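Some notes on the structure that comes next.
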Amino acid sequence: MAYIDKVLRINLTNGRTTSEPLNKEWAKDYLGGKGLSIKYLYEELKPGIDPLSADNKLILMTGPLTGTIVPNSGKLAIAAKSPATGTILDCSIGGHFAPELKFAGYDAVIIEGKATEPIYLFIEDSNVELRNAADLWGKGAHETEHLLYERLGDVITLAIGQAGENLLPMACISSELYRQAGRGGIGAVMGSKNLKAISVRGNGGVKIPDIRKFSATLNKIKREDTMTDDNMWAYSDGTPMIVDLSQSTGILPTRNFQEGTFDEYKNINSEAVKSVLKAKKACFACPLACSNYVKMGKTEIEGPEYETLALCGSNCGIGDMEALIEFNRLCDDHCLDTISAGNTVAFAMELTEKGIHDFGIRFGDVENYLQMPTLIATRQGVGADLALGVKKMAEKFGGRDFAMEVKGLEIPGYEPRGSWAMGLAYGTADRGACHLRAWPASVEAFGKIDPFTSEGKAELVIGMQDINSVKFSAIWCDFWAISTEQMAEILTLLLERDITAAELSTIGERINNLARLFNEREGFDRKDDYLPTRVHNEKLTTGFTAGKSLPRENYEKMLSEYYQLRGWDENGKITAEKKKALNL
Amino acid sequence: MEITLLLKGPLKKYTDGAELLELELDENELTVSELLQRFKVPTSSVSFVQVNNAKKDLNQLIKGGDTITVNPRVAGG
Ligand code: SF4
C-alpha cells in the first residue's frame, strides 16, 4: 500500500520502455523521493561519468504520501548527477505532477540514454510514447507547456527552456509555469538527453488501507497541527516575509554579499508583494497555499519568492519591484534557477565595479539587468560568460575571494556571517550551497539561538539535515513544521507497519550518509566543504551584523565537530563502522 | 505611555486581524513579554521581536514612543 509498486524505465537511446517492480527493500530503507532516487543512482551510475552524457540518468520519484490527502504531500523529487557540481543532485518540485504520475500508475520514472533528436515524453497510464519535439525546441517553458496542453488536453507537464537546451549549470525544470526543480543544473540533464518535456495524465488513484481512520486522523492533524501559527505565515505572507526578517537580523545578501542589509528593502518586502497580489495558489493537497500570484505592469507571475527577492533583488542592488518581477518571469520562462542567476549577475556586477573585468553591468543598473536572463540562457554576448556560473567565471576572470559558491553551487539568501550554522549547512549540504538541506537561520538568526558562536551548531545542522531528508523522501513540503512523531503516526497508517520516530531519524541519517558516499566516490572530501573566503576575511559593516565575520577557525571547528558527530573521519570520509551501522 | 505594536503574518489574529496598533498604556515600564501576555500571544509562536527595528530579547523594557515588531516562527525556506 501507499506504493504503486511500479517503476517506468525509459531508454532514450533505443526508445525502449519497460516497467519493473519498485525495489521494496530499498523503499523500506529510503522511503521514496530524495532517499530512494539517490539509492537508485548510487547503485546504477558508474563513478566518474559525465553528467551531461548518455550515461547519466534522470529519476522522477514520488513517495509513499504522494497522491493522498496528507497535507503538503504534492511534491516530486527529480534526481541525477549534477552538471553544476559533480555531486549527487536531488531537487523538489511542487504543483501537481507527482500525484498525476502516481494516478498514471507509477512510483517513479527512470530515464536513461540520449535521444538522437528533440523529443517529448507523453505518459497516459500504461500508454507511454516518445514524440518528436522539433517544433518545441528553442521555445521557452511557458510556451512549451501551453502548446502541449493544446495538443494533449488535460496534462501536467515538466518542461525545460532555452537554458536546459543550452546545457547551463543553472538550468532548472519548470512545471505549471511557475514551479521549478531549481538547482544544480537538473534542466541541463534533461537538455543533454534531447528531452524537451514530459507530460502525464493519470486516470487511476492510490489505495489507502483504512480510509475512515486515515481521513479522521488527517483531518484532526490538519486542524490542530498544520493550520497553526507555526505554519500559517506561509499563507498570510509566504516567503517574501523573510525579507524583513533578514534585513532586521543583518543577513539579507546585498551587492554580492558585500553587506547584510539593503537600504531599499521596503521596495522588495512582503508588503510590496502584497500590494500587487492577485491570488494565492497551492500545490496538490496543500492547505497552506504559500504561493503569491502577482500582477504588476504587464507582467504576471507566481512569485517572487524570498530567494528571488534576495538574490535577484538586494544582491544585485535592485530595489525596483517591477523590474524584479520581470526578471523573475524571464528566468522562469527560460528556466534559469533564480538563486544561481541572481548570484551570477551580482558577481559580474562586482567584477565590473572593481575593474577586474567589464561585463557592462553595475549594481542597480535595471536596464542591463533585464537583458541578462535571455543573454545567459541563450549564451549570447556577455551571457556566454555568465552562463558558466560563479565558480567557473572566477576561474576565468578572477575574484575567487568573493565568488559566492560552495562546490560550484551559488549561495542562497542567508548571509552566513550572521548565521554561523547556516554556513555549516552550506558547507556540508550534499548538493553544494543549499538552504533546504538544513535551514538553521530559522532558529538562529530568526530565533533564540546565538548566531555568532560555533557551540552546538554541528548537532543543530545534523538534526535538521536528517529530518529534512525524511520530509523530502516521504514526500512532505518543508513548509510544514511537522514533528518526527507525527510523521511516524501518518506513515504507520499508510504503510501498515509500525514506524517510530527513531526509525525515521535513522532513515534520515542513512540518506545523508548515502549522499555523502556518492560524493565520496566522486572524489569529494573535506577540501570541498569550504565557504567563500569573503565570509571568513571580510567583516560586514551595517545593521545587526556590523563588525561580524565567520572566522575560518570557528568554521573549521564546527566542521570537525560535525564530522565527529556524524561518525566520519577528520577528512570527512564515512568510517567503516558507520557504513555497517546504517546498512550502506 | 504610547507605543506602537506591529504583529506580523499570522500573529495578527491575536489582535482581531489588526497588524498595527497604536496603544496607550497606563504603565511607564513594561517588558516585551508582559506586553505579549496582554494579547495572549504565545511566546512559542514568536521567532524574535524588534524594538525600534533592532532585534531584542523578550525581557527588553519598553519605553514610551517605542515600536515593537513581533515576528512569527517560520519553517521551511
Ligand atoms: S506550502 Fe507552498 S510549496 Fe509547500 S506544498 Fe504548499 S503551496 Fe506547495
Side-chain angles (χ1 to χ4, degrees), chain A residues 72 227-242 244-245 247-250 261 269-271 274 288 290 305-307 412-414 418 422 425 434-449 451 464 467-468 471 476-482 543-545, chain B residues 2-23 30-77:
Chain A
N72 300 63
M227 314 286 276
T228 60
D229 286 355
D230 272 5
N231 308 304
M232 287 309 281
W233 70 281
Y235 180 76
S236 68
D237 294 69
T239 59
M241 198 180 77
I242 303 171
D244 280 359
L245 304 187
Q247 168 76 13
S248 55
T249 54
T261 61
N269 69 2
S270 188
E271 301 314 312
K274 280 185 195 165
L288 298 178
C290 76
E305 299 294 343
Y306 170 73
E307 297 301 331
Y414 312 93
M422 207 61 237
C434 174
H435 63 294
L436 299 173
R437 302 298 169 259
W439 191 45
S442 61
V443 292
E444 198 189 31
F446 308 155
K448 296 172 183 79
I449 297 173
M464 286 184 155
I467 203 72
N468 278 4
K471 282 186 170 183
W476 266 291
C477 168
D478 53 323
F479 284 119
W480 181 12
I482 183 176
F544 190 68
T545 47
Chain B
E2 285 177 14
I3 61 157
T4 305
L5 176 64
L6 209 67
L7 291 164
K8 296 280 205 167
L11 298 182
K12 55 179 183 265
K13 78 175 187 205
Y14 296 102
T15 50
D16 291 333
E19 185 168 284
L20 191 144
L21 290 180
E22 307 278 354
L23 298 172
L30 186 78
T31 65
V32 173
S33 107
E34 285 163 348
L35 178 69
L36 293 182
Q37 270 166 28
R38 192 158 300 181
F39 289 96
K40 299 195 168 50
V41 180
T43 48
S44 59
S45 297
V46 176
S47 60
F48 68 98
V49 294
Q50 294 153 256
V51 177
N52 303 329
N53 281 331
K55 188 181 174 189
K56 297 285 178 195
D57 68 33
L58 294 175
N59 298 323
Q60 175 71 24
L61 274 182
I62 301 167
K63 300 186 304 306
D66 282 349
T67 296
I68 295 93
T69 310
V70 188
N71 298 295
R73 264 166 53 98
V74 289

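Sequence lines set the chain letters: A, B, ... in the order given, protein chains first and strands last, and positions in each chain run from 1. Since this is a predicted model, take the numbers as computed values, not measurements.
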(message) Tell me whether B:Arg73 is salt-bridged to A:Asp229, with the criterion being a basic N under 4.0 Å from an acidic carboxylate O.
(response) no

Heavy-atom pair count under 4.5 Å with chain B, highest-scoring of [options]:
options: A:Ala481, A:Ser270, A:Gly447; answer: A:Gly447
options: A:Thr249, A:Asp244, A:Asp230, A:Thr228; answer: A:Asp230
options: A:Asn231, A:Asn468, A:Leu245; answer: A:Leu245

(request) Under the salt bridge (charged side-chain N to carboxylate O under 4.0 Å, His left out) rule, collect the residues that match up with B:Lys56, sequence neighbours excluded. (result) none

(request) Please list, chain by chain and in numerical order, all residues satisfying salt bridge (charged side-chain N to carboxylate O under 4.0 Å, His left out) with B:Lys55, sequence neighbours excluded. (result) none

Side chain, backbone, both or neither: which part of [X] has a non-hydrogen atom closer than 4.5 Å to chain B?
X: A:Phe544; answer: side chain
X: A:Glu271; answer: side chain
X: A:Ala445; answer: backbone

(request) Nearest 0.5 Å please: distance from the NZ atom of A:Lys274 over to the CG atom of A:Asn269. (result) 9.0 Å

(message) Can you tell me how far apart CD1 (B:Ile68) and CD1 (B:Ile3) are? Round to the nearest 0.5 Å.
(response) 4.0 Å

(request) With a 4.5 angstrom heavy-atom cut-off, could you sort out which part of B:Thr69 is near chain A: side chain, backbone, both or neither? (result) neither

(request) Carefully, step by step, assess A:Ile242 and A:Tyr414 under the rule side chain to side chain contact (heavy atoms under 4.5 Å, CB included). (result) CA-CA 10 Å; A:Ile242 303 171; A:Tyr414 312 93; 3.9 Å; yes

